[in-house]
Amino acid sequence: MLEEHTITCPYCGEPIVVVVDGSAGDQRYIEDCFVCCQPIDIQVALDADGTVASIQADQENG
């Protein structure tokens, strides 16, 4: 189950849409901002039913 979620880039402050796969469990990955090209450390926590409980977006080295 793929869901789109909007996060805010921790570098430039622009809204970024990310796609989360609810069947993959909790996730942590790096994705570059589409605006400023900086690496964003994205952490996704899911509920037991696979829905997104929280998404955190931090600077890669932050």
Side-chain angles (χ1 to χ4, degrees):
M1 138 176 61
L2 299 177
E3 294 181 39
E4 288 186 352
H5 291 273
T6 302
I7 61 170
T8 301
C9 174
Y11 296 95
C12 68
E14 290 293 321
I16 306 295
V17 175
V18 294
V19 178
V20 176
D21 182 355
S23 66
D26 291 345
Q27 303 160 46
R28 184 173 189 169
Y29 60 95
I30 303 295
E31 185 165 320
D32 290 342
C33 173
F34 301 119
V35 178
C36 70
C37 300
Q38 295 294 318
I40 304 170
D41 180 8
I42 300 173
Q43 300 166 51
V44 180
L46 301 176
D47 289 332
D49 64 356
T51 59
V52 174
S54 68
I55 299 178
Q56 184 172 340
D58 297 311
Q59 294 183 3
E60 182 182 26
N61 297 321

Under a side-chain separation threshold of 4.5 Å, the hydrophobic residues clustered together with Leu2 are Val19
Taken in chain and number order and not counting sequence neighbours, the residues that satisfy side-chain contact (heavy atoms from CB on, under 4.5 Å) with Ser54 are Ala45
Heavy-atom nearest pair, Val18 first then Tyr29, reads CB-OH, 4.1 Å
- Message: If hydrophobic clusters are built by linking Ile, Leu, Val, Met, Phe, Trp and Tyr wherever their side-chain heavy atoms come under 4.5 Å apart, do Val20 and Phe34 end up in the same one?
- Response: yes
SG (Cys9) and CD (Glu31) are apart, to the nearest 0.5 Å, by 11.0 Å
Sorted by chain and number, sequence neighbours left out, side-chain hydrogen bond (donor to acceptor under 3.5 Å, both in side chains) with Asp21 holds for Ser23
Sorted by chain and residue number, the side-chain contact (heavy atoms from CB on, under 4.5 Å) partners of Thr51 (sequence neighbours excluded) come out as Asp47, Asp49
message = Using only atom types and a distance under 3.5 Å, with no angle test, would you say the side chain of Gln27 pairs donor to acceptor with the backbone of Gly25?
response = yes
What one should report as the nearest heavy-atom pair of Thr8 and Gly13 is CG2-O, 3.4 Å
side-chain contact (heavy atoms from CB on, under 4.5 Å) filter on Glu3, not counting sequence neighbours, yields Met1, His5, Val52
Donor-acceptor pairs under 3.5 Å, side chain of residues 36-43 to any protein atom, not counting sequence neighbours: which ones?
| unit_1 | atom_1 | unit_2 | atom_2 | d |
| --- | --- | --- | --- | --- |
| Asp41 | OD1 | Arg28 | NE | 3.1 |
| Asp41 | OD2 | Arg28 | NE | 3.3 |
| Asp41 | OD2 | Arg28 | NH2 | 2.5 |

